[in-house]
Student: 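Supplied in structure tokens, the structure appears directly below.
Below, each value reflects all heavy atoms present in this structure, side chains not excepted, and no hydrogens, waters or symmetry copies. Numbers restart at 1 for each chain; the letters A, B, ... are given by sequence-line order, proteins then strands.
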Amino acid sequence: MSDHPSTYVPKTGIEKWLDSRLPIVRLAYDSFVDYPTPKNLNYWWTFGGILSVCLAVQIITGIILAMHYTPHIDYAFNSVERIMRDVNYGWLIRYVHANGASMFFFAVYVHMLRGLYYGSYKAPREVLWILGCIIFFLMIATAFMGYVLPWGQMSFHGAVVITNLIGSIPVIGTPILTWLQGGFAVDQATLNRFFSLHYLLPFVIAGVVILHIWALHVSGQNNPAGVEIKSKEDTVPFTPYATVKDGVAIIAFLFLFSVFVFFMPNSLGHADNYIQANPLVTPAHIVPEWYLLTFYAILRAIPDKFLGVVAMFGAIAVIFALPWLDTSKVKSMRYRPVMRWFFVIFVVVCLGLGWCGAQLPDAQVIPGFPSFNLIDGQLNSYLWLTRLFTLYYFAFFLFIMPWIGLKEDPLPVPASISEAVLAEHNKKKG
Amino acid sequence: MKSLKTIGLKTVGALIAATVMASAVPALAAGGAQHAHEPKEGFSFTGPFGTYDQAQLQRGYKVYREVCAACHSMNLLSFRNLGEKDGPFYDPKFKNPNDNPVVKQIASEFEVADIDSETGDAITRKATTSDRFPAPFPNTAAAAASNGGAVPPDLSVITKARHGGASYVYSLLTGYKAPPAGLKIAEGQHYNPYFPGDLTSAWSGDHKHVPAGGVLAMAPPLSAGQVTFDDGRESTLSHQAADVAAFLEWAGEPKATLRKKTGVAVLAYLLLFFGLTYASYRMVWRGKH
């Protein structure tokens, strides 16, 4: 917290010399050693640390991959396979990078849902939340462009589908599309600029992450009780308490990461992306990576292409507005008996949308079950299941959040973090 | 607010039920291909500890060389790869595969195009271990012209580029059968229940029972006795298909054995590290909870 006075005392001569010129050791000490963290943080709070690890892993492996990759439509695919075969431990670096993207998104979704459940977006943390939303948006852009780089069938046709969405904007869509693609089709110019931007954006993300952590250290961390820090009794110093807990979680996360990298490295990818891009052959079924399926499903739920694009971007934009959509005075859903159920539905709906995004829209949800045609689709189809889920997705933010916040009778909130910890301790003892 | 809570609970229940139903019965696309399966004896390389069977890779290379290579390129492979660790002709006596006499011998059996550095003339010369496998056709147009308009796909990463991997290759090669009555097969096309496709338009029978699979330009390439195995293994269709599928699996993922071995060590290390860190966590937090 900003009002927390610095307790750093430079001991050695060089530390004293540096401290009076650039107090960088002081900054690190105050931020990661002495920084007071609420003592009731649970394991859901370790995902911030996990995400920092993910970003570092992606940047380091990415820089090495860029040393061997060729951003040319004739050589990109083969240069990636050359990394797998002829670069020392290239297979490891590439599989870590490819699976790292999935791990990064898995962690960011947990991190966001944690913020949603415990009300971490509420005052005074609105800017912290928005910075997080910006990071998420940049991650989507970065991941999408990264997926194009191996120049496989799914890379190419995915890039065609997604860039063409821009073309559906009335009047200005087509010129923007041409500008974005660097020509009239996805081609060499597109691949080359995607490579350039894919290298640039992670550093932009790193910059916003610094702002995100800065904002976090100004407002202080939220916690499962959702009540602010009131006294020193409520906190423990970041080191060793939070560092060791984050360490446990990071190692467990790396274990999961390693299972994918070493034993099922292609299970999260699509077989078609091992076929070199061919503009003349369109894959039977174009799907994005799993972590974007939820938004892809929302895009397809709307009968009009442009409105579909609006809905897809709206689904991300609405997250930015969350701090002003929630009307409840209580932060943590632990004390919101009604809202927590709508939260559970929301999680199920997001997973459901992801599932629907991977299905053919016309396929029957319940095979053989009779249905009828309604707005250009059979009722018993993934199209309509997706529409139902999409409706809930938006209703959750735009109606349920504001409405339940006003109507609900929250449970009594503990007076302080210490009291919450004590109550839990007594409950465990019985 | 009691009623709100009940509504919430009921909706959760309904949604979970819907999701479970949706996931339990995956939608069947029209047609679809028959599910690929392994050979009866299985593949040695499946599972977290599976490794390549070198004898099988050698037999598989022979099937590729004598049958597949007539039409299919393998552009990503060099002859030296054959003698690398875990490869078909790896010999611990020759850590550098370029010194491996078997690999040298194999390479020298091929002619590759080159430019005479003295005169600049286009020439052919004997391949060396560092050369790539030469492609059977000079370009895709020539490949298509010789194969009824269909370009035989490059086989370098075919097991990663198809759902089912090596099992798919095995199933396709052994799965050719006469088309069911009512299925119209065009001249130069061949029916295979494992080939992904949609036969709805070629099917004159009940539209609810369109046969699985698709048609492809490749005629059944393997038959019993076609390749003589040097190690005396009986040359059945299944054996040839299994061996070449294993060879292609290696070609697509030559570092798989090293990857899995590294993985076991990494997981063991992480497990140990986790135990130590968790113990430290318990010690540090004692009395704070």
Side-chain angles (χ1 to χ4, degrees), chain A residues 39 78 81-82 84-85 90-92 95 152 236 240-241 244-245 247-248 251-252 254-255 258-259 261-263 265-266 271-276 284-285 337-342 344-345 348-349 351-352 355-356 359-360 363-367 382 385 388-389 392 404 407-409 421 424-425, chain B residues 1 4-5 7-9 11-12 15-16 18-19 21-23 25-29 47-48 75-78 81 84 153-154 156-165 196-198 252-256 258-264 266-267 270-271 273-274 277-278 280-281 283-285 288-289:
Chain A
K39 63 179 181 182
N78 287 353
E81 271 301 317
R82 203 187 79 83
M84 297 288 294
R85 289 153 193 274
W91 56 269
L92 177 62
Y95 277 153
V236 288
Y241 295 97
V244 75
K245 192 161 183 168
V248 169
I251 295 164
L254 289 179
F255 194 90
S258 303
V259 168
V261 167
F262 293 103
F263 298 103
N266 293 310
D272 280 31
N273 227 29
Y274 276 108
I275 306 171
Q276 192 164 0
H285 194 184
V338 179
M339 196 59 207
R340 63 195 299 177
W341 284 109
F342 286 99
V344 173
I345 304 172
V348 173
V349 162
L351 294 173
W355 174 265
C356 290
Q359 307 298 319
L360 293 169
Q364 291 189 327
V365 179
I366 308 163
Y382 278 98
L385 187 63
L388 194 75
F389 286 157
Y392 183 85
I404 302 288
K407 288 275 174 190
E408 183 182 46
D409 296 325
V421 172
E424 210 164 308
H425 191 71
Chain B
M1 282 315 284
L4 251 181
K5 191 170 174 177
I7 294 170
L9 270 171
T11 327
V12 172
L15 275 166
I16 290 174
T19 316
M21 266 195 294
S23 52
V25 197
L28 272 175
N75 292 333
L76 297 173
L77 266 82
S78 303
N81 294 139
E84 278 165 7
D154 184 87
S156 314
V157 287
I158 200 77
T159 51
K160 290 196 284 188
R162 297 291 182 275
H163 292 286
D198 186 350
E253 198 68 5
K255 304 292 164 83
L258 174 62
R259 166 161 60 76
K260 290 174 189 175
K261 278 184 187 158
T262 314
V264 170
V266 167
L267 291 188
L270 284 175
L271 212 58
F273 194 19
F274 179 84
T277 315
Y278 188 72
S280 319
Y281 161 75
M283 225 161 81
V284 165
W285 278 81
K288 285 284 176 185
H289 281 294

Student: Would you please name every residue forming a ring pair (Phe, Tyr, Trp, His ring centres under 6.0 Å) with A:His285, sequence neighbours left out?
Tutor: none
Student: If we only count heavy atoms from C-beta on, is the A:Trp91 to A:Val261 side-chain gap below 4.5 Å?
Tutor: no
Student: Please flag which part of A:Val259 lies under 4.5 Å from any non-hydrogen atom of chain B: side chain, backbone, both or neither.
Tutor: both
Student: Quick check on the interface: out of A:Ala284, A:Ser258, A:Cys356, who has the most heavy-atom pairs with chain B under 4.5 Å?
Tutor: A:Ser258
Student: Between chain B and each of A:Pro265, A:Gly152, A:Gly247, count heavy-atom pairs under 4.5 Å; write down the option with the most.
Tutor: A:Pro265
Student: Quick check: do A:Asn78 and A:Gln276 have side-chain heavy atoms less than 4.5 Å from each other?
Tutor: yes
Student: A:Val244: what forms a side-chain contact (heavy atoms from CB on, under 4.5 Å) with it, not counting sequence neighbours?
Tutor: B:Thr277, B:Ser280, B:Tyr281, B:Val284, B:Trp285
Student: Side chain, backbone, both or neither: which part of B:Pro48 has a heavy atom under 4.5 Å from chain A?
Tutor: both
Student: Heavy-atom distance under 4.5 Å to chain A: side chain of B:Ile158, backbone, both or neither?
Tutor: neither
Student: I need the residue from B:Leu267, B:Val157, B:Val266 with the largest number of non-hydrogen atom pairs under 4.5 Å to chain A.
Tutor: B:Leu267
Student: Let me know if A:Leu254 has heavy atoms under 4.5 Å from chain B in its side chain, its backbone, both or neither.
Tutor: both
Student: B:Asn75 and B:Ser156: which non-hydrogen atoms are nearest, and at how many Å?
Tutor: N-OG, 3.3 Å
Student: In terms of side-chain geometry, is the basic nitrogen of A:Glu81 or B:Lys160 positioned less than 4.0 Å from the acidic oxygen of its partner?
Tutor: yes
